[in-house]
Visitor: 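Before we start, here is the structure in question, set down as structure tokens.
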Number of protein chains: 2
Amino acid sequence: MEAVPQAVPLPLAFADGVFPAGCPSRTLLDHITSKWGVLILIALSEGEQRWSDLRRRAEGISEKMLAQTLKTLERDGLIRRNAQPVIPPRVDYSLTERGYELSGLLVPLVAWAFENAEDIINGSR
Amino acid sequence: MEAVPQAVPLPLAFADGVFPAGCPSRTLLDHITSKWGVLILIALSEGEQRWSDLRRRAEGISEKMLAQTLKTLERDGLIRRNAQPVIPPRVDYSLTERGYELSGLLVPLVAWAFENAEDIINGSR
DNA sequence: CCACCAGCTTACCTAAAAGTCAGTACCTTA
DNA sequence: TAAGGTACTGACTTTTAGGTAAGCTGGTGG
């Protein structure tokens with residue numbers, strides 16, 4: 001690895017961007033970077049899944065938080081809820097276009113975290 | 001925009017990845033996706049900055065949370081603290097290589113959030 | 001006739017995150 | 001002599017996220 005650059009080359013328009021308090025992007029960021037929000041979005045990036053699949057996939061999530069997180073993401077237009085009127089009930093969740101766009105950015109981030117986590121958290125600097 | 005794909009084409013190795021509870025990546029993810037963690041990392045992606053700059057940049061942050069967030073990110077090896085022994089004190093913060101790597105993934109995410117936030121949060125679906 | 005499945009909702013409670021505010025050190029400028 | 005800038009720390013309180021556990025629906029299998 002080469003020297004660490006002191007300024008980022010990425011096209012930034014954050015001059016007065018995300019930083020102001022009360023900016024809507026703060027809220028949106030809170031939703032998608034919430035403890036379970038990321039996991040759900042990542043899980044759905046692998047394709048449509050039903051309630052019980054998600055519950056199993058996002059290990060440790062409670063039903064309450066699953067419901068809450070799904071509602072928030074649906075309200076934000078990131079995921080789609082498809083309830084089939086069958087008995088026993090069957091509800092499928094999937095990403096919307098917008099959610100898919102987002103997950104494209106989220107997946108590399110989570111992958112990076114996954115790769116670096118052990119080194120970082122359990123010492124071995 | 002075309003049809004929404006049902007499965008993501010990205011190379012995923014999450015089969016038994018981030019999802020297990022107690023996995024270190026959950027902790028790391030919590031650090032970097034914390035309310036202020038993202039903002040600080042993004043701010044530093046624009047280059048080295050001192051304490052008071054960051055305080056102004058991440059509008060609304062308290063001194064306590066700034067200190068706490070900086071410490072966590074430093075412990076994770078994502079940022080570097082450079083204290084000069086001058087009076088009045090001067091402390092500069094910058095990204096490490098690892099932090100720079102991460103910010104490369106974070107910046108597009110935040111940019112996306114910034115662009116989509118208004119639409120999403122204030123209706124106008 | 002009872003229990004069970006899936007997909008929730010609700011009420012209640014705890015723990016963790018974050019805010020408030022005061023204080024500290026040291027020197028400079030008014 | 002007093003106020004102010006910089007980079008903090010610590011005590012205390014509030015807010016919010018999250019966990020636990022129970023209940024509901026309405027057919028179906030035992």
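Below, each value reflects all heavy atoms present in this structure, side chains not excepted, and no hydrogens, waters or symmetry copies. Each chain gets a letter, A, B and so on, in the order its sequence line appears, and its residues count up from 1.
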Visitor: For Arg26(A) and dT16(D), give me the distance from atom CZ to atom P, rounded to whole Å.
Guide: 15 Å
Visitor: Between dA6(C), dA18(C), dG18(D), which nucleotide has the shortest distance from any of its atoms to the side chain of Trp36(B)?
Guide: dA18(C)
Visitor: Quickly work out the Leu70(B) CG to dT6(D) P distance and round it to whole Å.
Guide: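 Checked: the CG to P distance equals 16 Å.
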Visitor: Salt bridge or not for Glu48(A) and Arg80(A), using N-O below 4.0 Å?
Guide: no
Visitor: Expressed in angstrom and rounded to an integer, what is the separation of Tyr93(A) atom OH from dA6(C) atom C1'?
Guide: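 About 11 Å, once rounded to whole Å.
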Visitor: Below 3.5 Å is the cut-off: list the nitrogen or oxygen pairs between protein and nucleotides 9-17 of chain C, distance only.
Guide:
residue	atom	partner	partner atom	Å
dT9(C)	OP1	Lys71(A)	NZ	2.8
dT9(C)	OP2	Lys71(A)	NZ	3.4

Visitor: Output yes when at least one side-chain N/O atom of Arg90(B) is less than 4.0 Å from OP1 or OP2 of dA7(D), else no.
Guide: no
Visitor: Let me know the distance between CZ of Arg81(B) and C1' of dA7(D), rounded to the nearest Å.
Guide: 8 Å
Visitor: When the distance from CD of Gln84(B) to P of dA25(C) is rounded to whole Å, what number comes out?
Guide: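 In whole Å, dA25(C) P lies 23 Å from Gln84(B) CD.
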Visitor: Show the distances under 3.5 angstrom between N or O atoms of the protein and N or O atoms of nucleotides 28-30 of chain D.
Guide:
none

Visitor: In whole Å, I'd like the distance from the CG atom of Asp53(A) to the P atom of dA6(C).
Guide: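 Value for this atom pair: 10 Å.
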Visitor: What residues, two or more places apart in sequence or in another chain, satisfy salt bridge (Lys or Arg N to Asp or Glu O under 4.0 Å) together with Asp53(B)?
Guide: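 Testing Asp53(B) for salt bridge (Lys or Arg N to Asp or Glu O under 4.0 Å), a comparison that skips the adjacent residues, returns Arg56(B).
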Visitor: Whole Å only: how far is the CD atom of Glu74(A) from the P atom of dG7(C)?
Guide: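 Going from CD in Glu74(A) over to P in dG7(C) covers 15 Å.
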Visitor: What residues, two or more places apart in sequence or in another chain, satisfy side-chain hydrogen bond (donor to acceptor under 3.5 Å, both in side chains) together with Arg55(B)?
Guide: Glu63(B)
Visitor: dT6(D) C1' sits how many Å from Leu66(B) CG, rounded?
Guide: 12 Å
Visitor: Any side-chain N or O of Ser52(B) less than 4.0 Å from the OP1 or OP2 oxygen of dG5(D)?
Guide: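 Answer is no, no contact under 4.0 Å.
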Visitor: Could you check Pro88(A) against Ile61(A) and say which one's nearest nucleotide on DNA chain D is further toward the 5' end?
Guide: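 In this pair, the answer is Ile61(A).
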Visitor: Enumerate donor-acceptor pairs with a distance under 3.5 Å from any side-chain N or O in residues 31-41 of chain B to protein atoms, sequence neighbours excluded.
Guide:
residue	atom	partner	partner atom	Å
His31(B)	ND1	Asp76(B)	OD2	2.5
Thr33(B)	OG1	Thr33(A)	O	3.4
Thr33(B)	OG1	Leu29(B)	O	2.5
Ser34(B)	OG	His31(B)	O	3.1
Ser34(B)	OG	Gly37(B)	N	3.0

Visitor: Roughly how far, to the nearest 0.5 Å, is CD1 of Ile61(B) from CD of Gln68(B)?
Guide: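 Going from the CD atom of Gln68(B) to the CD1 atom of Ile61(B) covers 9.5 Å.
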Visitor: Output the distance between atom CG (Leu44(B)) and atom CG (Leu95(B)), rounded to the nearest 0.5 Å.
Guide: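 Reported to 0.5 Å precision, the distance equals 5.0 Å.
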Visitor: Once you round to the nearest 0.5 Å, how far does CG of Leu78(A) lie from OG of Ser94(A)?
Guide: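 Leu78(A) atom CG to Ser94(A) atom OG measures 12.0 Å (nearest 0.5 Å).
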Visitor: Any salt bridge (charged side-chain N to carboxylate O under 4.0 Å, His left out) involving residues 81-91 of chain B? Give me the pairs, sequence neighbours left out, ordered by first then second residue.
Guide: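 As it turns out, the salt bridge (charged side-chain N to carboxylate O under 4.0 Å, His left out) pairs with a partner in residues 81-91 of chain B, which skip direct neighbours, are Arg90(B)-Asp92(B).
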Visitor: For dA17(D) and Ser34(A) - does any side-chain N or O of the residue sit under 4.0 Å from the phosphate oxygens OP1/OP2?
Guide: no
Visitor: For the CD atom of Glu97(B) and the CD atom of Glu101(B), what is their distance to the nearest 0.5 Å?
Guide: 8.0 Å
